[in-house]
Amino acid sequence: MRYLSTRGTAPVLDFRGATLAGLASDGGLYIPEAWPTLTEAEIAGLAGLSYADTAVRVMQPFVGDALTPEELSDLCHRAYGRFSHAAVTPLVQLDHDQWLLELFHGPTLAFKDVALQLLGLFFERFLTGTDKRLTIVGATSGDTGSAAIDAVAGREGIDIFMLHPAGRVSDVQRRQMTTVLAPNVHNIAIEGDFDQAQALVKTMFATPALADRFALSAVNSINWARLMAQVVYYFYAAVRLGAPGRRIAFSVPTGNFGDVFAGYVAHRMGLPVERLVVATNVNDILHRALSSGDYSKGTVEQTATPSMDIQVSSNFERLLFDLGGRDGAAMAAQMAGFERSGAMRLTNAQSQGASGLFSSARVDADDMALAMRWACEHAGQVIDPHTAIALSAARALEVDVPVVTLATAHPAKFRDAVERATGVRPSLPGRIGDLFEREERYVTLPATLDAVGAYVAQHATPSA
Ligand SMILES: *Cc1c(COP(=O)(O)O)cnc(C)c1O
């Protein structure tokens, strides 16, 4: 399988190259040259397979020759063997046709583990036997940082530097990062806010003395391999609910548009998806784009669903590229306009293409709390605020097929918000129950390139 950039000029790469590159060198995102499809019989043949075996069938066409089927199978079994539920992503029934797909049984209790556990193994596999190293640098406001750290802790050939805004992530989120003591993990608390931490990371990538010397790499959801890993659970859930004989709808709490784009890929591969609901909080750029064609950024409002508090959804570009006729030059021009003015209109082809499959909803704090209470009182399920945003949208959807809400975080990760809405304070699951007794390790640095760049240069290993 070959991968192209959405902006048309970066080199075409194979799966290994696209995985290691992350962002394309022309500023675009890598996307497969064509969508592989599974026939109805092949989809029916997924029934009864374990999660890891389903993952191998769904991902093999994207991986191509980069790994043998045996190698891919080995990595999938290792990645998903670390989940605490035997089904990896179990379905829970809430109502006659309302379901939850629990994606939070990984080591750090959010759905990001599903993709990052595998990505860590891909990185290690592709670096082994080369003299190359990778230095992962990221900024996190919560879930991505802990999932990425857990995925690469102790792996050969990789260092990870994770910046978080000092004092502005929850105690659970900080401890999930800072209690990982593997020597290749470097946590940095930045004296500043998340935007300053993220700006520092961008500056480091644009500083050749750091970026080239240490082979800096990103693990945010622009990496194709992450999206690919997320396609799997759409197949896994739909087949259990009767696909390919029955159509299924999904409601997805959305920030960067990575998770719901994976649902779009599943649809393009032949899964009978009735609807994909893009559920946003009051930071509703995607709801405005999909309902009126207006993609324009405002200022971010802080909410109880921090992982959806975004201004710009980086993966939306992949959808616009695919719906807009896969014209890299036109996409580059459209995005250049957006980067200049902070606003753009979707073309007719993009709007019409999206409306056939996507619905969208903007869910405010009151409706989020209502959904949490409904799940608790009606179905005995305590759900996290992000999941509640999508469940609220799912319940408003008028379809006569099963509707699956993606449950993206364990409620214990957001205990205060859950307790405010439901009166129930969820406890940490047994496997991380001792989080508050573990030793922490991190440094605190000022939000300057001098300080952080010097720290990275001192602790990372140059790439050959
Ligand atoms: C990251 C995240 C989201 C948003 O997912 P995207 O792929 O960025 O749209 C939703 N919920 C939780 C809990 C998350 O951590």
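Just so you know, ligand 1 is whichever comes first in the structure, and atom 1 is the first atom listed for that ligand. Atoms considered below: every heavy atom in the structure, side chains included; atoms not considered: hydrogens, waters and symmetry mates.
A salt bridge does not link R420 to D416: none of the charged nitrogens lies less than 4.0 Å from a carboxylate oxygen. The existence of a salt bridge linking R326 and D322 is confirmed by a sub-4.0 Å separation between a basic side-chain nitrogen and an acidic carboxylate oxygen. By the 4.0 Å N-to-carboxylate-O rule, D26 lies too far from R7 to be salt-bridged with it.
Distances below 4.0 Å separate heavy atoms of G255 from the following atoms of ligand 1: 4 (C), 6 (P), 8 (O), 9 (O). Ligand 1 places these atoms under 4.0 Å from at least one heavy atom of A409: 13 (C). Set against the non-hydrogen atoms of T254, the atoms of ligand 1 under 4.0 Å away are 9 (O). Within ligand 1, the atoms closer than 4.0 Å to a non-hydrogen atom of D143 are 13 (C), 14 (C), 15 (O), numbered from 1 in the order shown. Shown in contact with K112 at under 4.0 Å from a heavy atom are these atoms of ligand 1, numbered in order with element: 1 (C), 2 (C), 3 (C), 14 (C), 15 (O). Within ligand 1, counting atoms from 1 as listed, the ones closer than 4.0 Å to a heavy atom of D259 are 7 (O).
Classification of the F126-F122 ring pair by plane angle, with boundaries at 30° and 60°, yields parallel. Using bins of under 30°, 30° to 60° and over 60° for the plane-to-plane angle, the ring pair Y3/F15 lands in the tilted bin.
Residue contacts with ligand 1: F261 is excluded, as none of its non-hydrogen atoms falls under 4.0 Å.
A side-chain N or O of D294 and one of S296 form a donor-acceptor pair less than 3.5 Å apart.
Looking at F257 against ligand 1, only its backbone comes within 4.0 Å, counting heavy atoms.
Between Q230 and ligand 1, not a single N/O pair is under 3.5 Å apart. Taking any N or O of A110, backbone or side chain, none lies under 3.5 Å from an N or O belonging to ligand 1. The shortest N/O to N/O separation between G258 and ligand 1 falls below 3.5 Å. Distances between N or O atoms of D384 and those of ligand 1 include no value under 3.5 Å. Considering backbone and side-chain N/O of H386, none are found under 3.5 Å from N/O of ligand 1.
Cation-pi geometry between R240 and Y236 is met: the NZ or CZ atom falls under 6.0 Å from the ring centre, inside 45° of the normal.
Ring centers of H105 and F83: at least 6.0 Å apart, outside the cut-off.
The distance from atom CD1 of I248 to atom CG of L271, rounded to the nearest 0.5 Å, is 8.0 Å.
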